[in-house]
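Everything on this sheet refers to the single structure shown next.
Each residue takes its place number in the sequence, starting with 1.
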Amino acid sequence: MTTTETGVSTPGPDQPRDDAQVINFPRGATETTGRPQDPPPMVVDGEVVTAGADTAYEIELDEQPPAGPPTLVDTTTPAVVVASGPAAGTARPIIPPQLRPENLKATLARLGGRAWHISRYHAVRSPWYTLKAAAFATRGLVRLLAGQVRWWWVRNSFTLEQHAADTKQLLEWERIHRQIKATRAWRGCVLAVEAAAVLIGGPLLWSALPSFWLTVGVAGAVVALARYGRPAGQTVLGTATVAPRFRKLNADIVLRAYYAAGLGHPSKPDQQIQFGSPMARDARNIGSQVVIDLPWGKGWSDVMNAKEKLASGLDVHVNQVFLTPDRSSTRRHTLFVADQDPLAIPAGRTDMLDCKPRSIWRPVRFGKDERGALVELVLMWVSVLVGAQPRKGKTFSARLIALHAALDPYVKLFIVDGKNSPDWAKFRLVAHRIVFGTHPNPNDDNPVENLLAVLDEILDHIEKVNQVLATLPVTVCPEGKLTEELARDPRYPDLRVVVLVMEEFQVYFETEDQDVNKQIAAKLSRIQAVGPSAGVCILSSSQKPSGVGAGDVGRLFNRYRDNHAVRFALKCGNRLVSEAVLGGDAYAEGYDASSLPVGKEYLGVGLLYGQSDETPTVRTFLADHADAEKILIAARAHRERVGTLTGMAAGEEIERQVRDVLADARTAFGTDTRLPWQILASRMAESMSEHYADLTADAISAQLRGLGVPSVNVKWDGQVLKGAKAADVTAAATRRDTEK
């Protein structure tokens with residue numbers, strides 16, 4: 001398999017196109033910089049380092065290209081800007097990508113990591129190097145002396161004399177013999193002078209030179225003799241790094257792959273693959289990339305479905321091939337081929353091990369994508385769903401997000417662990433409320449009732465937040481929304497951000513009591529609908545994200561699952577499970593978590609969908625049980641310092657709230673400003689059946705009117721009915737609380 005020296009060639013007939021430009025770089029030079037291309041990176045002690053002089057190659061995948069004429073380079077992207085405005089061409093970078101300010105830190109880190117590894121490697125082996133150097137120097141000295149003796153003896157002299165004797169040329173033999181004797185006599189004098197210089201000058205220099213120069217001289221002599229005396233193929237110093245097998249891309253390889261995958265045809269002008277950019281190394285020097293323009297009629301779904309065939313045509317593993325759609329055209333995308341499988345390289349441990357406070361208003365440092373870039377996850381105003389097969393890193397990923405929230409001392413954490421595992425046990429240190437399992441157990445004597453109490457408390461919190469925000473002046477709350485300043489203001493203790501963690505949430509839709517299932521489903525759906533605007537963030541995880549419940553419970557389960565704005569899917573069992581986690585739109589866009597690689601090295605690898613316009617394949621940072629405990633101990637200390645340790649972490653017990661008709665009625669209104677008595681009664685009976693299962697319109701009307709809520713005319717479905725206004729219910733609750 002051969003590679004060309006220039007990078008990209010234009011497909012077409014044998015004759016060069018008129019608009020083609022011949023560009024010839026030195027051997028191994030990249031098109032972007034014109035400098036020799038560096039070998040691929042490797043991982044040493046968790047650091048990515050680049051290959052260099054101290055690097056050996058176990059396998060060279062591509063043979064050296066034969067000498068020949070330069071390759072034609074497609075001129076779709078000109079080398080200079082030819083115009084201004086929308087039609088301007090794309091100029092090649094003046095400064096190499098790895099030396100730009102945004103990448104300089106990473107470049108220096110790679111170089112520093114490589115230098116640090118090499119220095120440690122050689123320092124540990126320095127005693128062995130000393131012995132090898134001494135042995136090689138001794139061998140070199142012997143070789144030097146033997147060479148001098150051979151030089152004095154005049155090599156091949158016997159052969160010349162013997163040839164003359166065999167051919168019976170006596171005069172020629174005598175002439176050769178005399179010349180050899182004369183040469184040996186002269187060379188013997190030279191050797192005598194050399195020996196005298198060493199025997200006399202050596203002791204004189206030893207006594208006259210300063211110790212520093214004497215040491216330098218002896219070391220230089222030993223190094224020179226060791227180099228001269230080393231056996232063939234051996235070195236004094238070992239090789240600190242070994243570069244892996246990697247693919248050097250060129251136009252021929254790329255075109256072969258695309259045509260083999262059925263994405264075009266080389267002999268049909270309207271079905272040829274075009275290049276939309278020069279082929280070059282990426283900014284982190286971990287792979288090669290190029291922009292591809294598919295033939296007319298081909299699009300993003302075609303190339304995604306052919307990804308495995310593309311990998312085969314490129315002769316790399318499918319995990320090394322990454323495709324990114326282009327916003328300018330559905331037939332244009334970027335092909336990136338990594339030198340080695342980037343998903344098998346661990347992202348490393350979380351930086352939260354520094355145990356410093358975090359802010360829920362700042363993104364979570366979640367992991368690294370396939371290009372080694374940092375992936376961050378924003379929690380505010382969204383709900384996050386994590387789904388996967390068992391033992392693929394689901395709980396570790398969800399717990400990583402929860403640890404970030406725990407390090408914010410102004411966040412109220414509610415932990416609901418449906419599988420009752422040790423993974424969340426240490427959150428007792430900081431959790432305001434925590435629930436374990438679905439049946440009474442040593443960790444929780446009545447988990448289902450406690451969950452209902454937790455959901456009621458969160459609904460009440462949402463109501464309080466909305467009430468407080470409604471009373472604040474515009475100067476304090478300009479948009480009527482919760483802000484970071486308000487959430488941390490000690491004057492407003494009710495305006496705290498709430499994070500609700502629902503681990504294996506599907507088990508609470510499948511309890512033995514159908515009425516309880518309906519209550520939990522209704523409350524969770526309501527929290528998800530109205531909670532984000534009040535600063536309630538939901539983090540859900542499940543290994544069974546579909547086929548749960550029936551009737552209203554099944555409908556509410558699907559609504560709760562589908563309304564998560566951000567999805568993170570690790571390895572799933574099949575396409576249907578992947579669709580349940582990521583959503584059908586994600587699969588239509590070419591994202592399938594069931595196609596993620598399998599193996600211990602791929603634990604914590606998943607697709608992050610909905611966080612941004614991109615859907616990166618993420619390697620999450622690691623926080624194991626010991627790390628989580630360390631972080632949570634620090635999180636508790638932060639809360640104790642600012643006085644925000646509450647709930648069960650502060651020693652309080654969960655208690656079922658006393659029936660509050662005004663608060664429950666206000667919750668039932670949701671976003672509606674007016675409701676007829678019949679609709680209000682049915683909503684309260686459905687969502688809070690433990691208190692209002694048999695509630696009628698007359699009963700709720702009588703109760704609320706008795707608490708000062710007037711009965712008013714409400715237009716509903718084209719009819720004028722008697723009912724109540726949400727504002728009147730809120731005013732009645734405010735009056736009651738003021739009079740207490």
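The environment of NZ in K298 is crowded: more than 12 heavy-atom neighbours from other residues, nucleotides or ligands sit within 6.0 Å. Residue R555 qualifies as enclosed at atom CZ: its count of foreign heavy atoms under 6.0 Å is above 12. Within a 6.0 Å sphere centred on CD of E308, heavy atoms belonging to other residues, nucleotides or ligands number 12 at most. Within 6.0 Å of NZ on K419 lie more than 12 heavy atoms contributed by other residues, nucleotides or ligands. Counting non-hydrogen atoms of neighbouring residues, nucleotides and ligands closer than 6.0 angstrom, the CH2 atom of W381 exceeds 12 such neighbours.
Atom OG of S397 is separated from atom CG of L570 by 4.5 Å, given to the nearest 0.5 angstrom. How far CG of L400 is from CZ of F366: 6.5 Å, rounded to the nearest 0.5 Å. Separating the CD1 atom in I538 from the CG atom in L524 is a distance of 6.5 Å, to the nearest 0.5 Å. For the atom pair R561 CZ and S546 OG, the distance stands at 6.0 Å (nearest 0.5 Å). Here the straight-line distance linking atom SG of C572 with atom CD of Q543 works out to 11.0 Å at 0.5 Å rounding. To the nearest 0.5 angstrom, S288 atom OG is 8.0 Å from D282 atom CG.
Panel note: side chain Q320, backbone A338; a donor-acceptor pair is recorded below 3.5 Å. With Y259 contributing its side chain and I273 its backbone, the two residues share a donor-acceptor pair below 3.5 Å. A donor-acceptor contact shorter than 3.5 Å is absent between the side chain of R399 and the backbone of W424. With hydrogens and angles ignored, the 3.5 Å screen pairs no side-chain donor or acceptor of D592 with any backbone N or O of S578. With T620 contributing its side chain and G604 its backbone, the two residues share a donor-acceptor pair below 3.5 Å. H564 places no side-chain N or O within donor-acceptor distance of the main-chain N or O of V566, the cut-off being under 3.5 Å. Between the side chain of H404 and the backbone N or O of M352, no donor-acceptor pair lies under 3.5 Å. Within the 3.5 Å criterion, the main-chain N or O of A251 finds no donor-acceptor partner in the side chain of R256.
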| task | With salt bridge (charged side-chain N to carboxylate O under 4.0 Å, His left out) as the test, would you mind laying out the steps for D354 and R358 before giving the verdict? | result | CA-CA 11 Å; D354 61 12; R358 299 298 196 272; 3.1 Å; yes

*Let me see the working for L263 and L310 under side-chain contact (heavy atoms from CB on, under 4.5 Å), right down to the final yes or no.*
CA-CA 9 Å; L263 295 172; L310 281 177; 4.2 Å; yes

_With salt bridge (charged side-chain N to carboxylate O under 4.0 Å, His left out) as the criterion, how do D613 and R327 come out once you've worked through the C-alpha distance, each side chain's angles and the decisive distance to 0.1 Å?_
CA-CA 10 Å; D613 293 337; R327 295 182 180 181; 3.0 Å; yes

- request: Would you please test D408 and R362 for salt bridge (charged side-chain N to carboxylate O under 4.0 Å, His left out) and show each step?
  value: CA-CA 10 Å; D408 186 339; R362 303 290 177 270; over 6 Å; no

Could you walk me through whether I286 and E370 pass side-chain contact (heavy atoms from CB on, under 4.5 Å), step by step? CA-CA 10 Å; I286 62 173; E370 60 271 17; over 6 Å; no

Begin from the C-alpha positions of L335 and V321 and carry the test side-chain contact (heavy atoms from CB on, under 4.5 Å) through to its verdict.
CA-CA 7 Å; L335 168 69; V321 179; 3.9 Å; yes

Inset, instruction - Check the pair L451, Y508 against side-chain contact (heavy atoms from CB on, under 4.5 Å), reporting the backbone distance first and the verdict last. - result: CA-CA 9 Å; L451 173 59; Y508 295 107; 3.4 Å; yes

Derivation and outcome, salt bridge (charged side-chain N to carboxylate O under 4.0 Å, His left out), residues E601 and R619 | CA-CA 10 Å; E601 64 272 28; R619 299 163 286 152; over 6 Å; no

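The side-chain contact (heavy atoms from CB on, under 4.5 Å) test with E629 singles out one residue from L632, I633, D627, and that residue is I633. Under the side-chain contact (heavy atoms from CB on, under 4.5 Å) test applied with V553, the options V548, N517, N558 reduce to a single match, N517. With L596 as reference, K571 is the one residue of K571, Q389, K392 to meet the side-chain contact (heavy atoms from CB on, under 4.5 Å) rule.
Contact of the H432 side chain with the L413 side chain is not registered, since no non-hydrogen atoms from C-beta on lie closer than 4.5 Å. Here the side chains of V378 and Q611 are in contact, with some heavy-atom distance below 4.5 Å. For the pair N420 and N443, the minimum side-chain heavy-atom distance is below 4.5 Å. Looking at heavy atoms from C-beta onward, L294 lies in side-chain contact with Y258 at the 4.5 angstrom threshold. Put simply, the side chain of F414 reaches to within 4.5 Å of the side chain of V498, judged on heavy atoms. For the pair R365/L377, no side-chain contact is recorded, criterion being any heavy-atom separation below 4.5 Å from C-beta on. V303 places none of its side-chain heavy atoms less than 4.5 Å from the side chain of K309. Proximity of L407 to H638: side-chain heavy atoms (C-beta onward) are separated by under 4.5 Å at one or more points.
A salt bridge links R332 with D293: the distance from a Lys NZ or Arg NE/NH1/NH2 to an Asp or Glu carboxylate oxygen falls below 4.0 Å.
With Y121 as the aromatic partner, R125 meets the cation-pi criteria of under 6.0 angstrom to the ring centre and within 45 degrees of the ring axis.
Here the closest non-hydrogen pair linking G583 and R567 is N-NH1, 3.7 Å. Contact record, V581 with P545: CG2-CG, 3.7 Å, taken as the closest heavy-atom pair. Heavy-atom minimum distance, A521 versus F509: CB-CE2, 3.4 Å. P532 and I527 get closest at one heavy-atom pair: CD-O, 3.8 Å. Between V497 and C537 the shortest heavy-atom distance is CG1-SG, 4.3 Å. Between T350 and I631, the shortest heavy-atom distance links the atoms CG2-CD1, 4.3 Å.
Classification of the F336-F322 ring pair by plane angle, with boundaries at 30° and 60°, yields tilted.
Side-chain N/O atoms of H333 and T324 include no donor and acceptor closer than 3.5 Å. Using a 3.5 Å distance cut-off with no hydrogens or angles, the side chains of T395 and E503 do pair a donor with an acceptor. Side chain to side chain, Y591 and D585 fail the donor-acceptor criterion of an N or O pair below 3.5 Å.
In summary, the aromatic rings of F505 and Y560 are positioned with their centroids under 6.0 Å apart. In this structure, F396 has its ring center under 6.0 Å from that of H625.
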